[in-house]
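Every chain is numbered from 1, with letters handed out A, B, ... down the list of sequences.
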Amino acid sequence: MSLSSLESTHYDLVLVSAPYTETKNPLAALGVLKSVATLANWSCRVKDFNIDCVNFVKKSYHSDKFVDFFYNENYYPQISNDLIQMFDTVSDQILAHSPKLVGISLFSYACQVAAKYLCMELRRKSPNTKIIIGGSGIFDNVLGDHSYVNNLLEMNLVDYYIVGDAEKSFYNFLVNSQDKSGINNVNWKELSNTDLDQLPFPDYSDYEFFKYETPAIPIIGSRGCVRSCDFCNDIVHWKKFSFRSGKNIFDEMLHQKDRYGLNNFVFSDALINGNMKEFKILIELLAEYNTINPKNRLSWDSQFIFRPKNQFPEELWKTLSLSNPSILRVGIESLSENIRFQMGKKFDQDSLNFGLEMALKYNINIGGMLIVGYPTETESDIEYAKQWLKQYSYFNKILELSWGGTMAILPGTKLDQIKDKINIKIQGPPWQNWVNTVTGSNPVLRAKWLIDLTAYSKAQGFIVESGVENHSIVSTILGNNC
Amino acid sequence: MNNKYHLTLEFTSVNPNNSMELYINNEKINFVKSIAKCAIDIDLPTKLHLEIKGKTDNDVIKDINDNIMLDTHIKLCSMTLNNIKPNELFLLKFPKIYINSTIENPTKTNRIFYSNYFGFNGIVELDFDASSIIEWYLKTNQFRNDSWHNNGSEY
């Protein structure tokens, strides 16, 4: 693995992103935490181990083995030496800064394996350097089951773990405050709207944007969601929806653009338009800025919800267009209004069609995220979806579809809690492995629906996003029949 | 850098006649209430040989149908290397048992078995086939491979 030469300036804290997360854009966490550290008077350096690893793996002849190792910790002698060298090199790079604390960020459960091996090397080489881990990946599931964290503590591979929104708790930790909420316990506090507006802007000065497929500045506008979809684990984690003011978000965009020379932003929000008042302010500010600076426009990418016409009329779509979204990712989930209402995604067919008509009129790209195989879905719903795709194929100019890897029932979600009531028998992990004992829905049937809908969508001229991970899930379900 | 690695081993035993004995580096391991813990420093790579002896025919009780009702044995139930604990399933396949071998000639036998259950006299070999902790820990994931240390149909 080709890595830059060791830089040995001392920093109190080194923050590291643990692999393995395939992402086209940088993740916000380390930039957010660096600014918190600076506020607490800790010198800080960020090391994006994840992107170096991902780029290395993608070019490797054994990329599938590396991915399997990071996800499932399976052993392959062909990659053993590369892994040993990788962890050796990265740990040397981190420790070259002589930090008193190393913070490791785990974006998801897929980061657990790499984080463990990195901790092993850090501990071996510098047993007195403290290690703290955090991020949504430190727990086994959204319920907060923590056999992974306990295992690391038992092996003395970490000293602390941090839970939930870290801005306040990490600051308190660094200044040695009495308030230890979220540090080695699960009693973390969600940030209020006022808290969010008062946070320092993230510091991405150590980020190497050029290493990413789509260099863009990460940005967080809100936490939680205003919807209550029963399959979602975000709302189990964030019980409230909290949001920044539109002006505060816009100010950050200008600040970051000036600092890093990039005009593209990617929001990590569950939805950008949860609070309509602040969203309206934001898009008006962006529209005005882009109108005055046509050669230097800001652009942004975010998740978004379709709202009824009376909540989001045409004039707002026009303003939205001028704010220059590169793509709006909409959780359509199902083309059947009936299924959407059952899952808690309560927007009707009129709202769907109106949103798409407006996107078409104002040339706004929509990334439609869909789930195949909701527990009550049957063959007739699949046929209905195909009819819709045929009838509305003209939306293919602006609508790109992502069908996912078939319905997963994640532990702790509302759907998981009512599974007995709706005749669901879980046979996983993986969490796509469940059956409906009444309708007969099973993983193989749903995988076949997915293949059918994917092919049909393409035949109607839609671009269909096909991720490596989803393909891998379906292949596993169907074996050689995929 | 210090190349010694701290190994801890934990055993349980079912040994009603107190006949079965376990030796590590010629030192007898004492069981208290059927549990024994020991710690030694090892190099990497290394092969550690544990000696099991003293079991007789009287230590296996069978019923009239020749089913084993009680079998005197020692079991390796836990291990750490520099505090790093491998997966429990790894332990089931890791120890290599040379049945009826002796410490003078540890690997001389025509019966070899992989298990953490030591129900025979013989030598148990713990093969730490790695030059570093991380290499060793990576290799502990070999247990997921069904063909790794496969005992075959005999057992």
Side-chain angles (χ1 to χ4, degrees), chain A residues 1 18-20 49 53 62 65-92 94-95 112-128 131 140 147-159 429, chain B residues 1-10 35 37-46 76-96 114 116 126-151:
Chain A
M1 182 166 149
Y20 190 84
F49 178 20
C53 180
H62 297 296
K65 294 182 177 65
F66 277 105
V67 173
D68 193 32
F69 168 76
F70 286 120
Y71 273 76
N72 303 308
E73 208 174 355
N74 282 321
Y75 175 73
Y76 297 98
Q78 302 94 326
I79 63 172
S80 182
N81 286 339
D82 278 336
L83 285 171
I84 291 168
Q85 193 193 345
M86 185 187 291
F87 289 111
D88 181 44
T89 302
V90 172
S91 55
D92 280 346
I94 293 167
L95 294 173
Q112 290 183 354
V113 171
K116 179 171 61 174
Y117 283 80
L118 178 60
C119 288
M120 239 183 262
E121 282 294 271
L122 290 170
R123 265 296 191 253
R124 178 179 70 83
K125 294 175 181 179
S126 185
N128 294 327
I131 301 174
D140 306 343
S147 62
Y148 170 74
V149 166
N150 285 343
N151 196 25
L152 294 189
L153 286 167
E154 199 183 309
M155 294 196 287
N156 194 29
L157 289 179
V158 301
D159 300 286
Chain B
M1 190 173 287
N2 179 16
N3 288 327
K4 288 288 185 187
Y5 298 87
H6 190 66
L7 173 69
T8 68
L9 300 167
E10 187 172 330
I35 295 173
K37 295 182 187 180
C38 67
I40 49 174
D41 291 334
I42 62 170
D43 297 311
L44 283 181
T46 200
L76 174 63
C77 59
S78 177
M79 183 178 93
T80 66
L81 189 62
N82 272 19
N83 231 24
I84 307 298
K85 194 172 179 181
N87 192 287
E88 283 170 8
L89 293 175
F90 165 77
L91 273 188
L92 298 182
K93 289 191 173 190
F94 172 52
K96 184 175 184 181
Y114 293 97
N116 66 331
L126 302 181
D127 184 5
F128 295 90
D129 177 27
S131 304
S132 64
I133 280 275
I134 190 172
E135 184 186 358
W136 170 75
Y137 194 72
L138 272 168
K139 286 186 169 181
T140 64
N141 296 305
Q142 287 181 97
F143 78 86
R144 297 164 199 270
N145 181 344
D146 283 341
S147 65
W148 185 63
H149 289 187
N150 188 343
N151 287 313

If I measure from the heavy atoms of chain B, does Glu121(A) come under 4.5 Å with its side chain, its backbone, both, or neither? side chain
Distance, nearest 0.5 Å, that separates CD1 of Ile133(B) from CD1 of Ile84(A): 12.0 Å
Please report the closest heavy-atom contact between Tyr117(A) and Asn141(B), naming both atoms and the distance. OH-ND2, 3.0 Å
When rounded to the nearest 0.5 angstrom, what distance separates CD1 in Ile84(B) from CZ in Arg123(A)? 9.5 Å
Rounded at 0.5 Å granularity, tell me how far CG in Asn83(B) sits from CE in Met120(A). 11.0 Å
Taking only residues at least two apart or on different chains, which pairs with a member in residues 128-143 of chain B satisfy salt bridge (Lys or Arg N to Asp or Glu O under 4.0 Å)? Asp129(B)-Lys139(B), Glu135(B)-Lys139(B)
Tell me whether the count of non-hydrogen atoms from other residues, nucleotides or ligands lying under 6.0 Å of CD in Gln78(A) goes above 12. yes
side-chain hydrogen bond (donor to acceptor under 3.5 Å, both in side chains) against Asn72(A), all qualifying residues, sequence neighbours excluded: Asp68(A)
Side chain, backbone, both or neither of Tyr76(A) within contact of chain B (heavy atoms, under 4.5 Å): neither
Quick one: closest heavy-atom pair of Leu138(B) and Tyr75(A), and the distance? O-CD1, 3.2 Å
Smallest separation among heavy atoms of Met155(A) and Lys85(B), with atom names: SD-N, 3.0 Å
Derivation and outcome, side-chain contact (heavy atoms from CB on, under 4.5 Å), residues Arg124(A) and Asn82(B): CA-CA 9 Å; Arg124(A) 178 179 70 83; Asn82(B) 272 19; 5.7 Å; no
